[in-house]
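Read through the structure below, which is laid out as structure tokens, and then see the notes.
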Amino acid sequence: MDVAHYFINADEVETEIERVRKGRDAVIEEIRRLQTSITHMGPKEAPHELNALLDVHLMLLQDVELIGGVKHWITERLYNAEWALTTQLEVIARHFDEMEDEYLRERKADLEQIAERVLRAMKGALTPLAAHPKAQRSPRKGTQDLLLDDTVDVPLILIAHDLSPADMLQFKQSVFAGFITDVGGKTAHTAIVARSMDIPAVVGARTASQLVRQDDWVIIDGDAGVVIVDPSPIILAEYGFKQRQGELERGRLQRLLHTPAVTLDGEKIQLLANIEMPEDANVALKAGALGVGLFRSEFLFMGRRGQLPDEEEQYQAYKRAVEGMNGLPVTIRTVDVGADKPLDNSARDDAHLNPALGLRAIRWSLADPAMFLTQLRAILRAAAHGQVHLLVPMLAHAREIRQTLAHIDQARAMLDNRGVAFGAVKLGAMIEIPAAALSLKLFLKHFDFLSIGTNDLIQYTLAIDRADESVAHLYDPLHPAVLRLVADTIAECAAQGKGVSVCGEMAGDVTLTRLLLGLGLRSFSMHPAQILAVKQEILRADTQKLAVWAQRVLQAEDPSLEMAG
């Protein structure tokens, strides 16, 4: 951010601190007004994700590290207010850059967005976040200004260095057809809201806001992550055709909503949803999910500044998800944080070279028994309201299994002693470490079902850090070793009559649906938006024929070539 840098006099310190405070308070008041207006809108105009993202911005605005750091630079270094704010922003941003988890790393964009608005509030130039019919790109890099004009009668594409989630409100009430940002990624908050509102978008387009000029014709191919500027008439016509085809395809898929997922040879397939928050249960139902195969409970824990959700808060959240599924099963994974996903940035541990191999998931839970028991009690209580499956991540050792089961028994005893109602749960384990995939008999001795987390299984099997762009091209779900571990897990569960599902990205990849069916998978868990496309593949499949082909793929030196053939 380009701001003035100058030193102040000692008697100006309080004045500069007050300038920052007033700017911050103005932005807080603006966001709270916006949240109030959201309560009067429907889910299409303002999906529940948006209110949650505004809460994140409020949390960052009140972050003690940000506030204290700004005061430090003003008081100790005599920086002017703008200089102090941007300096502290750079300090905190480095913490985000060091995070291995992509989702948390991209929260830096939220920090930059709120700092930008504070700076503009300090100048008295804070633009309202209310909706308006039309917008065009502002010339200044990093700005969120939306310049408005009622005269245009064609759809517009908004191009900016970055967009805040609050700005997204304008899209459904304006002529915007989509947006492009220089920064961000597929798990960025803005991208999440765009997907939930079905808005075409490309994020992370580097210097798009500098290179694309006002009044340029632009095509956004959100599926491919491609932006085409000033397309030729032929390209324009081709994408017009693709757009109409896409609309027709979505319409055709919607007709499959109430069609049972049964293969040509009569195999019934279970299609489940992955969710992050209790309110997502409604989205899962509308997508035709037969249950929740993965409730990522860690989203209830993140961004709390050390104030972890207590038993009652967790119980109410899990209960809402269970009741929201109307009797269908809900699989709640115990908290998967630690190392690269700290709950409190001030407690970061930078001593370890590879946090992905450190104290995370069940290792973190077992290291904090009080926290773990609190979560287990909340999950067990929620099980009194419907079908609950309890899923444990990242187990690898027999002693970890024993300790986990002992904690579950202890949680039951604690509730029983308090006279608090709780329900029975099915117990499951994630298979995401090669050691676990090679110890299936041990796992199936203690657990009712297994869930294959292919994202981490691929990472650990191939020694690929998914956050490292220099080796990301080696991340391969079709590597023979990965396929062998997946196939063996499915086969062993079938042999012992235990349930097994895939809840990683492979489950929602339609190019892999036939292969997983051929390997014997009968339960898929994915993002709700992917369910109908996967169902279409299932309805066209014959698992008996696919089983023979899948074995050829499994034996191939290069399975991708066998898949293509």
Could you tell me whether the side chain of [X] and the main chain of [Y] form a donor-acceptor pair under 3.5 Å?
X	Y	result
R552	E562	no
K268	A261	no
N274	V292	no
K535	L256	yes
K498	F447	yes

If you define the side chain from C-beta out and look only at heavy atoms, does anything of [X] sit under 4.5 Å from [Y]?
X	Y	answer
L405	L427	yes
I538	T513	yes
E249	Q536	yes
L300	V335	no
V330	H389	no
Q551	Q555	yes
H57	I114	yes
W364	D336	no

Which heavy atom in [X] sits nearest to a heavy atom in [Y], and how many Å separate them?
X	Y	result
P260	L539	O-CD2, 3.4 Å
Q314	A378	CB-CB, 3.6 Å
L328	A289	CD1-O, 3.7 Å

How many angstroms lie between [atom1] in [X] and [atom2] in [Y], if you round to the nearest 0.5 Å?
X	Y	atom1	atom2	answer
R296	I332	CZ	CD1	14.0 Å
L517	L521	CG	CG	7.0 Å
L519	T543	CG	OG1	11.5 Å
T331	L272	OG1	CG	7.0 Å
R252	Q254	CZ	CD	13.0 Å
L442	H397	CG	NE2	11.0 Å

Item to complete: Provide the full list of salt bridge (Lys or Arg N to Asp or Glu O under 4.0 Å) pairs with a residue in residues 430-455, sequence neighbours left out, each pair given once.
Response: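 Checked against salt bridge (Lys or Arg N to Asp or Glu O under 4.0 Å) - neighbours excluded - the pairs reaching residues 430-455 are K441-E492.
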Worksheet entry | Sequence-distant partners of R514, side-chain hydrogen bond (donor to acceptor under 3.5 Å, both in side chains), two or more places apart |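 With neighbours one apart ignored, the set is empty.
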Worksheet entry | Partners meeting side-chain hydrogen bond (donor to acceptor under 3.5 Å, both in side chains) with S523 (sequence neighbours left out) | Q270
Worksheet entry | Heavy-atom neighbours of L248 CG exceed 12 at 6.0 Å |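 Yes, because the 6.0 Å sphere around CG of L248 holds more than 12 heavy atoms from other groups.
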Worksheet item: Is E557 atom CD crowded by more than 12 heavy atoms from other residues, nucleotides or ligands, each under 6.0 Å away?
Response: no
Worksheet entry | Verdict with reasoning, M563 to L515, per side-chain contact (heavy atoms from CB on, under 4.5 Å) | CA-CA 8 Å; M563 291 275 290; L515 177 60; 3.9 Å; yes
Discussion item. Apply side-chain contact (heavy atoms from CB on, under 4.5 Å) to residues L450 and M430 and explain how you reach the verdict.
Written reply: CA-CA 6 Å; L450 301 180; M430 294 281 291; over 6 Å; no
Sequence neighbours excluded, which residues qualify as ring pair (Phe, Tyr, Trp, His ring centres under 6.0 Å) partners of [X]?
X	answer
H479	none
F443	none
Y460	none

Fill in: R540/T263 under side-chain contact (heavy atoms from CB on, under 4.5 Å): CA gap, chis, key distance, verdict
CA-CA 7 Å; R540 298 170 175 174; T263 65; over 6 Å; no
Worksheet item: Between R360 and D456, is there a salt bridge with N-O shorter than 4.0 Å?
Response: yes
Discussion item. Could you check whether D221 pairs with K242 (Lys NZ or Arg NE/NH1/NH2 to Asp/Glu carboxylate O, under 4.0 Å)?
Written reply: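 Salt bridge flag = yes for K242 with D221.
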Worksheet entry | Verdict with supporting geometry, Q375 and S297, side-chain hydrogen bond (donor to acceptor under 3.5 Å, both in side chains) | CA-CA 9 Å; Q375 180 175 36; S297 67; 2.9 Å; yes
Discussion item. Looking only at side-chain N and O atoms, does E505 offer a donor or acceptor that is under 3.5 Å from a partner on T454?
Written reply: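 There is no such pair between these side chains.
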Item to complete: Could you walk me through whether W217 and I228 pass side-chain contact (heavy atoms from CB on, under 4.5 Å), step by step?
Response: CA-CA 8 Å; W217 282 89; I228 302 174; over 6 Å; no
Discussion item. Classify the ring geometry of Y318 against F295: parallel below 30°, tilted from 30° to 60°, perpendicular beyond 60°.
Written reply: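 Ring orientation, 0 to 90° scale: perpendicular.
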Practice prompt. Among I219, D216, I180, find the residue that satisfies the side chain to side chain contact (heavy atoms under 4.5 Å, CB included) test when tested with I157.
Written response: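 Exactly one option meets the side chain to side chain contact (heavy atoms under 4.5 Å, CB included) with I157, and it is I180.
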